[in-house]
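Quick note on labels: first sequence line is chain A, next is B, and so on, each numbered from 1. Just so it is clear, the model here is predicted, and its values are computed rather than measured.
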Amino acid sequence: MSDSKKRSKSSKEDTPKENPYLAHLPPSERLVGGASSAKNSYGLAANHPLANFVMGATTAEQGEAAEEGETNPFTGKPFSDKYRKILAGRRKLPVNKHRKEFLDLVQNNQVVILVGETGSGKTTQIPQFMVFDDLPAFKGKKIACTQPRRLAAMSVAQRVAEEMDVVMGQEVGYNIRFEDCTSERTMLQYMTDGMLLREAMNDPLLTRYSAVILDEAHDRTLSTDILMGLMKEIIKKRPDLKVVVMSATLDAGKFQKYFDDAPLMSVPGRTFPVEIYYTPEPESDYLEAAIFTALQIHRTEDAGDILLFLTGEEEIEDACRKIKAEADQMPDAGPIKVYPLYSTLPPQAQKRIYDDAPPPRTPGGRPGRKVVVSTNLAETSLTIDGIVYVIDPGFSKQKVYNPRIRVESLLVSPISKASAQQRSGRAGRTRPGKCFRLYTENAFMKELIETTYPEILRSNLGTVVLQLKKLGIDDLVHFDFMDPPAPETLMRALELLNYLGALDDDGNMTPLGSIMADFPVDPQLAKMLITSPQYGCSNEIMTIVSLLNVPLVFMRPPDQRKMADEAKAQFSHPDGDHLTLLNVYHAYKTSGEDQKWCYDNFCNYRTLKSADNVRTQLKRYMERADLDLVSLPFDERPKGPYYTGIRKALCAGYFMQVAHQERSGNYLTVKDNQVVRLHPSSCLDHASEWVIYNEFVLTNQNYIRTVSEVRAEWLLDIAPNYFDLESFPNCEGKRVLEKLIMRRKSSSNRERDDDDEDERRKSRKSDRGDRDRKESKRRR
DNA sequence: GAGCACTGC
């Protein structure tokens, strides 16, 4: 009843609608009067390029004819010359030969798996094939194509807008965090997978879309994995929704199986052959071997640039120096340029990898060469043309999660076969190349795992579980994960969310949890934001949370450490690193967000700018949740009520990340009893008995980083459930808390804490930054 | 007295 009402209403809006009573017929026969009169349903003139198109039943020839016509069917404007030139190139892409096969599959199946190598053109062409068949614009819907990375979503959208001869943001657009470049007219939308997931939290059936294309599914990011599980649920309730999952070839069968044996289409790529060389014996020192190999290639091989994969910044900078120094000593080799590449490198420095190799010293002499030494960044996110030689030592830094101690850390680990193949492929982008694997062939065959473990098996799942609950998935244990996470990891997440009050004791989402899920930050930080008005300091907590969500603000160039540390000292707050962050932000805003100020003070301008972006977004969410944006009257004294309020609010999110200083001077984490040390970058002196920390850094030592001093009383008040001493292991901290509880019980007329006393003392306002600086100087 | 693979909302 209501269904038919809706349909009759929308037909007035000139959108073609199928007759619901004809749903048993094949799509081409569903439109009233059959295909021949379909043009009337669309309200298109008889000479319109799409006049004879039947939604979901077009042919490849029809699509191609429309693309080769005079008029752009979606804008009504004549096609440009540039368009025709691009179109000729598009027709040569491998995927173009499979247009008919693809349309057959997608018209007759709800889910299609498509595997394509790099260079097949799948990311740009498949969505366009669908636009011409599904005709989303005529039903008030859109086609979504998700990408794991923002840059990819943006650049592919730009490319496809050109290919379709439309203005970016109109018919074709993209939607990523902080930037929605779409409009009412948008029918094809590239977006990050995280963005689509967030949309699903408010629109669980994704009603705005007629088709969803999940691209780069082999990447297996947290968001892609959740989206895939979600799509399986949604297609049951939305028979009209088409889903295409696109992936690299290696584990295509797994995707097919997961989607109940959906049909699979395979498209070859367009790359050049790469010869693989293995070492006869295992290398004991991969770094040394890598440098040696690079120099060897430089001395003996033909012209062509080198790409060397290493694991991290320090290693990369070190290798760059050594390669440069040694190569410059070689009399019989050409000139060399060596560039590092990792994500935290400023964009300017990153761009240098595209510079041309230096020319030979003398005409006809040994070739000059470019060497790029990179992290995994060059494995997928970034492509460098002209690479002919790849050196793959077989390692990368990978995130691992240990649910027992609830710690995520980065570990240098062997890569997978899939990664190794991806790396070697980078040598064959422009011509045949060579890849030197610094491990034995036997190790490749027998020791490397097939594919890198998906992120969902290597992460703390707090956010994931909260998101799933918000998506309406109650039974997590039976949720159809492509790779189910360890039960212990799920348990840890449920436990965390329960202590934070996001889930009740039965595991159901609370109203608080529902608001928490809306915030694009960790559950702990979301809780902190939501609770902060109660402590009168939501303005300050928004700032702190923003800064915790961007890379480190403080720069420390190796040759200027002393000056950098002095600059940082101006901002340091005796009560901890969180308040130090607040000081930096305040000083940055006071400077007028000045780039030079940042440079002079060893602060990362880009980071502060992006933190400010995050803050604006958080503010919007706070307002949407009707949370007050407030500050306490300013009081410059450390441990005064102003700063105390903030530190109490920090506890509301971080009460599970507490460490207590033992008499030995060591810190022990609460409940887990891990021995930790304050990270040397902390501005906190070593006399604080109780501290909360943002991050547990597992390296040679266990460090806690971004630390603030708190008081045991606050912890007991804020999280009585968590600080239930019966569940505590024996340690000094437990005894201190026991005494505290006893004292509280015995004194019926409990003495007020010192800080409460402070709170009663009204203090006059004064310049915050100035006072803080004086205060920190005095302490020094 | 040390380090941060890479993404994303």
For [X], report the nucleic acid contact type (base, sugar-phosphate, nothing); a contact means any heavy atom under 4.0 Å.
X	value
A:R561	base
A:L410	base
A:F178	nothing

Would you jot down, in residue-number order, the residues of residues 189-197 of chain A having a non-hydrogen atom under 4.0 Å from DNA chain B? A:T192, A:G194, A:M195
Does A:S681 have any side chain to side chain donor-acceptor pair (under 3.5 Å) partners at least two apart in sequence or in another chain, and if so, which? A:H679
Sequence-distant partners of A:R677, side-chain contact (heavy atoms from CB on, under 4.5 Å), two or more places apart: A:Q701, A:Y703
Footprint ends on DNA chain B, 5' to 3', for atoms under 4.0 angstrom from a heavy atom of chain A, come out as B:dG1 to B:dC9
Results of ring pair (Phe, Tyr, Trp, His ring centres under 6.0 Å) for A:Y209 - residues two or more places apart only: none
Should the pair A:R705 and A:F696 be classed as cation-pi, given the thresholds of under 6.0 Å to the six-membered ring centre and 45° from the axis? no
Sequence neighbours left out, cut at 3.5 Å: what donor-acceptor pairs do the side chains of residues 516-524 of chain A make with other protein atoms?
residue, atom, partner, partner atom, Å
A:D518, OD1, A:K470, NZ, 3.3
A:Q524, NE2, A:Q657, OE1, 3.0

Got a salt bridge between A:E199 and A:R208, using NZ or NE/NH1/NH2 to carboxylate O under 4.0 Å? yes
Under 3.5 Å side-chain donor-acceptor pair for A:T221 and A:T224: yes
